[in-house]
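Read through the structure below, which is laid out as structure tokens, and then see the notes.
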Amino acid sequence: MKRNLLTALPLVLALALPAAAQDSYPDRSVRIVHGFGAGGNADTVSRILAEAMTEGLGQPVVVESRPGAGGTVASGYVANADADGYTLQLMVGGHTVAAGLYNSLPYDSLNDFTFLSIIGQFPFFIAARAGEYDSLEAVIAAATADPGSIRIGHSGVGSTQHLTGELLDLMTDADFLHVPYAGGAAAATAVMGGEVDILIDTGTAIFGQAAAGVFDVLAVTAAERWPDNPDVPTVSETVAPGFNVVSWTGLGAPDGLPDNVVEVLTAEIARVMALDDVRGRIAALGASPVGSSSAEFQELVETQIKTWTEVIETAGVERR
Amino acid sequence: MLEQFLLGLGVVMQPEVLVYAFAGVFIGQVIGVLPGIGAITAISLLLPVTFHLDATTSIIMLAGIYYGSQYGGSIASILLNLPGTPSSVVTCLEGYPLARSGRAGMALFTAALSSFLGGMIGVAIVVLAAIPMTTIALKFGAPEYTMLVVLGLMAASMVGTGSHLRALAMVLVGVALGLVGADATTGYYRYVAMPELADGISLVSLAMGLFGVSEVIRNAAARAQSKVQPQIRMRDIFPSRSEARTLPGPILRGAGIGSFFGALPGTGAAIASFMAYAVEKRFSRVPKRFGTGHLPGLAAPESSNNAAAQTGFIPTLTLGVPGDAVMALMIGALILNGIIPGPRLMVDQPTLFWGVIASFFVGNIILLLINIPLIRLWVLMLRVPYQKLYPVIVIMICVGVYSHRTSVIDVVLTLVFGILGYLMKNYRFEPAPVLLGFVLGPLLEDNFRRAMLIYRGDFTIFVTRPICTVLFTCTVLLIAFSIYSSISQRRRMAAAATDGPASTP
């Protein structure tokens, strides 16, 4: 029996080799690069994916943080990496903001990347100190009547939260004062202390406060009401028809990825995104775990680059 | 309050939780000793581990890493002039001279004891006054922070040991270095020569360069031979009775200052330690002895940074809003466990809330028990010849700085700052004021411009808002006190000169 197996071995190998050469991806470890600090949202999502994909790909998937300049250091690195499927990037909504915000990026935000799949999507919520405003309409009315009197605290110039506030400014008659803070937590504290009036941030930053009666949640920035919070009206249905801001995380790679690698990766991402454990952990981070086709992801990026570039130009945000 | 604290103690005393509390403070202690590798790196590395733990145990372990690192940070500062964390930079100023004069054991003991007492006072404030402290912290807006930093700069303009003019020049160098990066108000890039500098120069690389690397170069240049320390006996590590009597004041004042700065989001242990040192020096009867191995100057900042590390949890626990990047990681760990942080944490999760606070109490005791016996072992390190020790130190600094932001530029900058620090020392410029300017400068600019934006250029807010009035008055009094003390000192010197010219050679 043993001898039979041994004699058959060369034949089996001969048959298997050509196929292996084509389908050998991945034959070594795969990196997921992201552009933010260890322990942040991007890092956590990367680690959740890496853990799950290690099982499916049969090779270790490791996370590498290359923080700096709003994630553009990492994007520049990935854009110039070999398109062999061993360097992936966990991208965030900020990728599309950066396209409009930076004067000279060392890469093309759209054409230098292969967009594999959206991972999670999450809207922002607009909140005020409890009891101050009944609705978003009341806020807009106050900010229209006395320009500059209503202050929106945001997490930093050029952040998606900041630009969402600017977009609200542009799409209504209101004239807000946009006040930058060093991060969303500092902005939230400023709203609590009464230094500013309005906070635009993710659900995880707002709902803990809302539950304790510190904030009133006035609106959600998505086009449709968010399934987890159906009582919160949209900006679109209240003050600015067509208003739609949804941020996201997604998995991308350098442009020019071989087709077979794209197939392996998209199949693996689809498998992972169907796992309850992965979905649960992404949902815990305040995002809706979606998954998507490569084309849907690409279209989302294209649309958002257009929107943010317009907002940055119209609102007069300083390009860097 | 006591009842809830006992409930928390019950949680921590479960063997399994206790093991993780011990692991946390022990890891903290170790990474605190290692230069450059800070609590933030260790916590983010261990975050995935907490996926498999419950929320209370996770936070107890991660918190232990954070305040444990404050203990470890002082060790390399004292022995090698190498701050393990930015908040132990000030510890170098008195600790290293003590070690060079053969009293390393006593310096380590004083640091450990001051850390313990400061930490415990911080814990007591978290237990007894978390809510009032939160109320005060929320009253601090941009104008208040601006005035606080002005007061801080005034108080700290004496952190150096040399001339005031030189110290002021170095503060300005620090402020200038702090300008690098994106302008917080407009987003405009300032001095961003390469994209890696967009987020500014890293405090870790500045601190490691100016202190650690420059010391290595100095020793190499001097071809220093390490003095073989005599065997340390246990009784050599205790301060004498008269020395011990000078310590309670600095420890208490340090803990008070630390507790205050810790509870304010946006400031923290590093600023607290600078302020505690500055206050001690400013109000000392023997300011000349600072910088030469003066024990009160070691005790105050050590007590201060540990108190700040504990009260730093106040905004995180009571508001669910992280005061700094490390706290943001803790919040992240809570979110991953399905707990949305917020003011209801105390009510909804009492075992978590009080368990974490009780773990601070237990953790500080564990840390004291770890540290005292280790002193003899640490001092032995001084017997390793410099030429064997320093290559290892340089490598550890590089690894530590790199791990902080995974940036090679940071490592290169650390070495550049090392050379700069060496040249500065040769020309008698102090590195500590540079760090102070680097930390406080951007804080001042950021808050001043935000205040101007919100209050539409109205300067009177800096005097008329209640807290501002208090801070402004303190600043004026401090300036008046400085002028008075320098005039009276000059008068005394003049009197001495006229009274006894014969006695002056």
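Being a predicted model, the structure only gives us computed values, none of them experimental. Naming: A, B, ... by sequence-line order, numbering from 1 per chain. Hydrogens, waters and symmetry mates play no part in the numbers below; they use all other heavy atoms, side chains included.
The candidate with the highest count of non-hydrogen atom pairs below 4.5 Å against chain A, out of B/Val321, B/Ile40, B/Ile331, B/Ile43, is B/Val321. Note on B/Ile340, B/Leu45, B/Asp348, B/Asp183: by heavy-atom pairs under 4.5 Å with chain A, the leading option is B/Ile340. Ranked by heavy-atom pairs shorter than 4.5 Å toward chain B, the options A/Gly76, A/Gly193, A/Gly158 are led by A/Gly193. Per-residue counts of heavy-atom pairs under 4.5 Å with chain B were compared for A/Ala284, A/Gly213, A/Ala188, A/Pro180; the largest is that of A/Pro180. Between chain A and the residues B/Met327, B/Glu196, B/Lys139, B/Arg456, the largest count of heavy-atom pairs under 4.5 Å involves B/Arg456. Heavy-atom pairs under 4.5 Å with chain B were tallied for A/Val73, A/Leu285, A/Val214, A/Val179; the largest tally goes to A/Val179. Ranked by heavy-atom pairs under 4.5 Å with chain A, the first of B/Gly141, B/Ala198, B/Gly266 is B/Gly141. Of the listed residues (A/Gly183, A/Pro106, A/Gly148), the one with the most heavy-atom contacts under 4.5 Å to chain B is A/Gly148.
For A/His162, no part lies near chain B; criterion is any non-hydrogen pair under 4.5 Å. Proximity to chain A (any heavy atom under 4.5 Å) is shown, for B/Ala328, by neither the backbone nor the side chain. Residue B/Ala142 touches chain A through both its backbone and its side chain, counting heavy-atom pairs closer than 4.5 Å. For B/Leu453, the parts lying under 4.5 angstrom from a heavy atom of chain A are both the backbone and the side chain. Residue contact with chain A, scored on non-hydrogen atoms closer than 4.5 Å, is absent for B/Ser407. Both the backbone and the side chain of A/Ala211 come within contact range of chain B, judged by heavy atoms closer than 4.5 Å. For A/Glu51, the part lying under 4.5 angstrom from a heavy atom of chain B is the side chain only. Heavy atoms of B/Arg449 lying under 4.5 Å from chain A are absent altogether. Proximity to chain B is limited to the side chain of A/Thr44, based on heavy atoms less than 4.5 angstrom apart.
In this structure, B/Tyr189 OH and A/Asn103 CG are separated by 10.0 Å, a value rounded to the nearest 0.5 Å. To the nearest 0.5 Å, atoms CG (A/Asp43) and CG (B/Leu329) are separated by 9.0 Å. Between the CD1 atom of B/Ile335 and the CG atom of A/Asn41 there is a distance of 8.5 Å, given to the nearest 0.5 Å. For the atom pair B/Leu264 CG and A/Thr189 OG1, the distance stands at 11.0 Å (nearest 0.5 Å). One distance of note links OG1 of B/Thr134 with CE of A/Met192; it measures 10.5 Å at 0.5 Å rounding.
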Can A/Tyr181 and B/Arg450 be said to form a side chain to side chain contact (heavy atoms under 4.5 Å, CB included), step by step?
-> CA-CA 8 Å; A/Tyr181 285 87; B/Arg450 189 179 305 126; 3.3 Å; yes
Passes side chain to side chain contact (heavy atoms under 4.5 Å, CB included), A/Arg151 versus B/Ile454? Steps please.
-> CA-CA 8 Å; A/Arg151 298 164 289 211; B/Ile454 292 172; 3.3 Å; yes
Test log, rule side chain to side chain contact (heavy atoms under 4.5 Å, CB included), inputs A/Arg47 and B/Leu47 | CA-CA 10 Å; A/Arg47 285 182 198 284; B/Leu47 208 53; over 6 Å; no
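Considering only heavy atoms from C-beta on, B/Asp199 stays 4.5 Å or farther from A/Pro67 through its side chain.
Surrounding CG of A/Asp276 are at most 12 heavy atoms belonging to other residues, nucleotides or ligands under 6.0 Å away.
The shortest heavy-atom contact between B/Gly342 and A/Gln209 is CA-NE2, 3.9 Å. Summarising the geometry of A/Val157 relative to B/Thr185, their closest heavy-atom pair is CG2-O, 3.3 Å, with the distance given to 0.1 Å. Of all heavy-atom pairs between B/Pro343 and A/Gly208, the closest is CD-O, 3.8 Å. Shortest non-hydrogen contact noted between A/Arg319 and B/Tyr188 is O-CD1, 4.5 Å.
With hydrogens and angles disregarded, no donor-acceptor distance shorter than 3.5 Å links the side chain of A/Glu64 to the backbone of B/Thr406.
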